[in-house]
Amino acid sequence: MSSRDVVLARVRRALADVPRAAGPEEAPVPRDYLRAHGDESAADTVRLLAENLADYRAVVHDIHAAGLPALLAHLLGERGSRSVVVPAGLPAEWLAKCDVEVVPDAPERTPGELDAIDSVVTGCAVAIAETGTIVLDAGPDQGRRRITLVPDHHICVVRVPEQVVASVPQALERLSPRRPLTWISGPSATSDIELDRVEGVHGPRTLEVVLMTP
Amino acid sequence: MSVTDLGMPAFPAAAARATRDTRLRANLRHATHTIRDKRARAVGELADWAELRAAGRAIKDRTLRHLDHYLERLEEAVTAAGGRVHWAADAAEANRIVTRLVRATGEREVVKVKSMATQEIGLNEALAEAGISAYETDLAELIVQLGKDRPSHILVPAIHRNRSEIRDIFRSEMGDWGRPAPEGLTDRPGDLAEAARLHLREKFLRAKVGISGANFMVAETGTLVVVESEGNGRMCLTLPETLISVVGIEKVVPTWQDLEVFLQLLPRSSTAERMNPYTSMWTGTTDGDGPRTFHLVLLDNGRTDTLADTVGRQALRCIRCSACLNVCPVYERAGGHAYGSAYPGPIGAILTPQLRGTASELDASLPYASSLCGACYEVCPVAIDIPEVLVHLRERVVEGGRVTRRGVRTVIRPAKGHAAERAAMRAAAFAFDRPGVLRAGQRLAARTRRLHPRRLPGPGRAWTDTRDLPPVEAESFRDWWQRTRGGERGSGQEGAK
Ligand code: SF4
């Protein structure tokens, strides 16, 4: 007997008391929790997102689409970034005003090469106001998971209001499990040393979120 | 069966040592109280917490009651998405599978993201025997590994170390494992984190094999979920070419939608955050992004035995948030090491004796490592009635009864007169000879009563009554205790002080 059969047989024996003929539906799951907490307007939801992002030490910027290239040039310049990696599908005009080396990501780029790059700029799939979370789904303007991990500075552009949802349940409805997903709530952090929160262990130590309105 | 099985003192002896260690106690107290208060605030933000908790409990119960069905769905979905699924009946088999998979890559090093399952099975030791170095990458696990130590808390495994100890460990040990600590390293938490970042980065960048656990596995889609803070999880999950995830069979949830419940319950219960910094979700493999090869090792190792116990099986609902540790008056005094397994605190007291059985002195004493105050049940996001299971397991130790061990039904004899019983009695003495512990218990018991008025029938009655009736009855429990402990007093006291 394979271990698979052994384990499954043990499970079945262990559940002799359960009336299983009717299938899993015999065990009811009440779902009377809320789809979202509060009944906010789109504008309020965006405001809540900004608040919660900032609460977990992300740096938040508001901008109209027309001002984005100038803002990105300013943010990269201010930080002194010399190079920025970008996913293949990032709109080219976003970085049109930047005076840094723009490195398009490609599958052959090694972790070591990414480690030598200062910043990364991406879009996102969805942002969650109640938790201050941005979710990346490796879409064309987000790229491979590693490019938002190895460089120390991540700028993420959220299209407001259409990419913003209020809650975790609403976010999951929009996301596909078939894509690799990264949920990001503030820069990486640890509380492992006497429970003092320290920002930035392995992921980018600086997370900037740009809320871009049309 | 597990690395910590042999040579471990029973709970009361280990707890007594920890109780004498004032620094450990101060660290623990500070830590548990800080998280406890923060958690209450984070939970208070959600008006529907009770409904989320009820849903979380029900989803897990549905999963457990039809576990074979969901495991088969999961296997199908993971395989269809390009992953390979392996089944391990016990720790030794899981270790063999992982060792074989690592060997097949030709690599001698792996990077690991904190996983209680791999700690439970002693994977690092098994890999070391095969000549493979496993590097822990979670900051706390790194501290523990460099300090040649064992974790003492689910969430903050190095909770027993303070900042100057950590600095000393980094200074003296990092060089032996890779990049040494920077010159003149201070004990500022920021500097210590930076030292860890530099030390581990070189390992991440060259790693070819990553090993992880998972917080959830979605049967419907084959998706695995890892919830973390530091980014070491993302490193291990995305940079290596081969990823091996070792996951207990109880971690499966039926549907994608179910994550909406657990991703609200877990971060708030665990780190007391609205959301943890990073959550990774992956389904099989993705071309050009992340590992090319993905192995999922499904681990039984006593879980099906636990499932066979209709009272005890609720322990398998646990999502390892550690909220129960942080409110436990016994844990606060005893520390995590006293529990002698990967699972400390109240959850360890009910899970370990079920996963491993109660044959050893230590494991038989664990169900007594509690004052039955009920605070753990109250904070548990999946409503595990830990006191109920403790009482049930105590009965089992004292009276014997039917259990399932490695899939085989058997009857265990009462522990009377047995070393296990003496250990158990000393553990009870540990809790009940400390008025502070018991008082805290009684205060909280009043609140639990409202939430959980149920009582156990039969011999369990004596114990449940102490939890459910007014303090005057609790007093009589102490009388009962004084009476029944009788001749054990001499040795028991020695162990408990
Ligand atoms: S038993 Fe409940 S409170 Fe304790 S770790 Fe598990 S889920 Fe959390």
Side-chain angles (χ1 to χ4, degrees), chain A residues 2-4 6-15 17-18 20 23-24 26-34 37 52 56 107 111-112 115 130-133 138 144-146 149 168-169 172 177-178 180-196 198 200-203, chain B residues 31 34 46-48 51-52 54-55 58-59 61-62 65-69 87-89 93 139-140 156 158 162-163 166 189-190 192-193 196-197 205 221 223 229-232 234-235 238-239 256 259-260 263-264 274-275 277-283 286 288-290 300 304 307-308 310 407:
Chain A
S2 70
S3 290
R4 178 184 191 276
V6 169
V7 174
L8 287 172
R10 284 180 184 175
V11 169
R12 289 179 185 126
R13 268 204 309 280
L15 293 170
D17 63 302
V18 177
R20 290 163 21 103
E26 62 87 25
V29 173
R31 290 191 194 269
D32 38 15
Y33 51 86
L34 302 170
H37 299 85
N52 283 336
Y56 284 157
D115 194 37
E130 286 178 9
T131 56
T133 305
R144 298 187 301 159
R145 287 171 283 174
R146 61 184 59 188
L149 175 63
V168 171
L172 280 161
R178 266 153 271 289
L181 302 176
T182 306
W183 297 46
I184 301 173
S185 310
S188 91
T190 182
S191 301
D192 280 347
I193 303 163
E194 294 184 9
L195 290 171
D196 276 356
V198 178
V201 192
H202 303 298
Chain B
T34 311
L46 297 189
D48 59 341
E51 288 79 11
L52 284 167
I59 292 166
D61 277 347
R62 171 180 284 185
R65 290 166 73 88
H66 300 273
L67 190 58
D68 50 336
H69 169 81
W87 300 69
E93 186 175 17
L139 179 51
V156 203
N162 65 25
R163 60 182 75 189
I166 295 170
L192 295 171
R197 177 185 172 96
L205 296 181
T221 62
T223 308
S229 296
E230 297 172 12
N232 60 313
R234 293 180 66 193
M235 293 276 180
T238 54
L239 295 186
W256 178 248
L259 293 178
E260 73 189 18
L263 290 180
Q264 295 191 78
R274 293 186 194 100
M275 192 60 86
Y278 295 134
T279 298
S280 296
M281 303 184 186
W282 73 98
T283 306
T286 309
D289 185 353
D300 177 353
T304 49
L307 189 67
T310 54

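Order of the sequence lines sets the chain letters (A, B, ...), proteins ahead of strands, with each chain counted from 1.
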Checklist entry - Side chain, backbone, both or neither: which part of A/Asp17 has an atom under 4.5 Å from a heavy atom of chain B? => result side chain
Next on the checklist: For a 4.5 angstrom cut-off between non-hydrogen side-chain atoms, does B/Arg274 reach A/Ser185?
Outcome noted: no
Next on the checklist: Which one wins on heavy-atom pair count under 4.5 Å against chain B: A/Ser2, A/Gly112, A/Ala14?
Outcome noted: A/Ala14
Checklist entry - Who wins among B/Arg62, B/Met275, B/Glu51 for the most heavy-atom pairs under 4.5 Å with chain A? => result B/Arg62
Next on the checklist: Looking at every heavy atom in both A/Val7 and B/Thr304, which two are closest together, and how far apart are they?
Outcome noted: O-CG2, 4.0 Å
Checklist entry - Listed by chain and number, what are the ring pair (Phe, Tyr, Trp, His ring centres under 6.0 Å) partners of B/Trp282, not counting sequence neighbours? => result B/Phe294
Checklist entry - A/Thr133 versus chain B, heavy atoms under 4.5 Å apart: side chain, backbone, both or neither? => result side chain
Next on the checklist: Among A/Leu34, A/Val11, A/Asn52, A/Leu149, which residue has the highest count of heavy-atom pairs closer than 4.5 Å to chain B?
Outcome noted: A/Leu149
Checklist entry - Mind checking whether A/Arg20 and A/Arg12 have side chains closer than 4.5 Å, heavy atoms only? => result yes
Checklist entry - Top residue by heavy-atom pair count (under 4.5 Å) with chain B, among A/Arg4, A/Arg144, A/His37? => result A/Arg4
Checklist entry - Under a 4.5 Å heavy-atom cut-off, does chain A meet the side chain of B/Thr238, its backbone, both or neither? => result both
Checklist entry - So, do B/Arg234 and A/Ile184 sit near enough that their side-chain heavy atoms are less than 4.5 Å apart? => result yes
Next on the checklist: Looking at chain A, which one of B/Leu205, B/Thr279, B/Asn232, B/Thr223 has the largest number of heavy-atom pairs inside 4.5 Å, strictly under?
Outcome noted: B/Thr279
Next on the checklist: Is B/Asp300 close to chain A through its backbone or its side chain, or both, or neither, when contacts mean heavy atoms under 4.5 Å?
Outcome noted: side chain
Item to check | Options B/Ala196, B/Gly288, B/Ala88, ranked by heavy-atom pairs under 4.5 Å with chain A, top entry | outcome: B/Gly288
Item to check | chain B interface, residue from A/Pro169, A/Pro187, A/Ala9, A/Pro107 that has the most non-hydrogen pairs under 4.5 Å | outcome: A/Pro169
Next on the checklist: I need the residue from A/Glu130, A/Arg178, A/Glu26 with the largest number of non-hydrogen atom pairs under 4.5 Å to chain B.
Outcome noted: A/Glu26
Next on the checklist: Regarding B/Glu260 and A/Tyr33, do their side chains bring together a donor and an acceptor under 3.5 Å, going by distance alone?
Outcome noted: yes
Next on the checklist: Please identify, among B/Leu263, B/Thr310, B/Leu239, the residue contributing the most non-hydrogen atom pairs under 4.5 Å to chain A.
Outcome noted: B/Leu239
Next on the checklist: For the backbone of A/Val168 and the side chain of B/Gln264, can you confirm whether one donor and one acceptor N or O come within less than 3.5 Å of each other?
Outcome noted: no
Item to check | Results of side chain to side chain donor-acceptor pair (under 3.5 Å) for B/Trp87 - residues two or more places apart only | outcome: B/Glu75
Checklist outcome for this item: In terms of heavy-atom pairs under 4.5 Å with chain A, the winner among B/Leu307, B/Thr283, B/Asp61 is B/Leu307
Next on the checklist: Looking at A/Arg145 and A/Ala138, would you say the former's side chain and the latter's main chain have a donor-acceptor pair under 3.5 Å?
Outcome noted: no
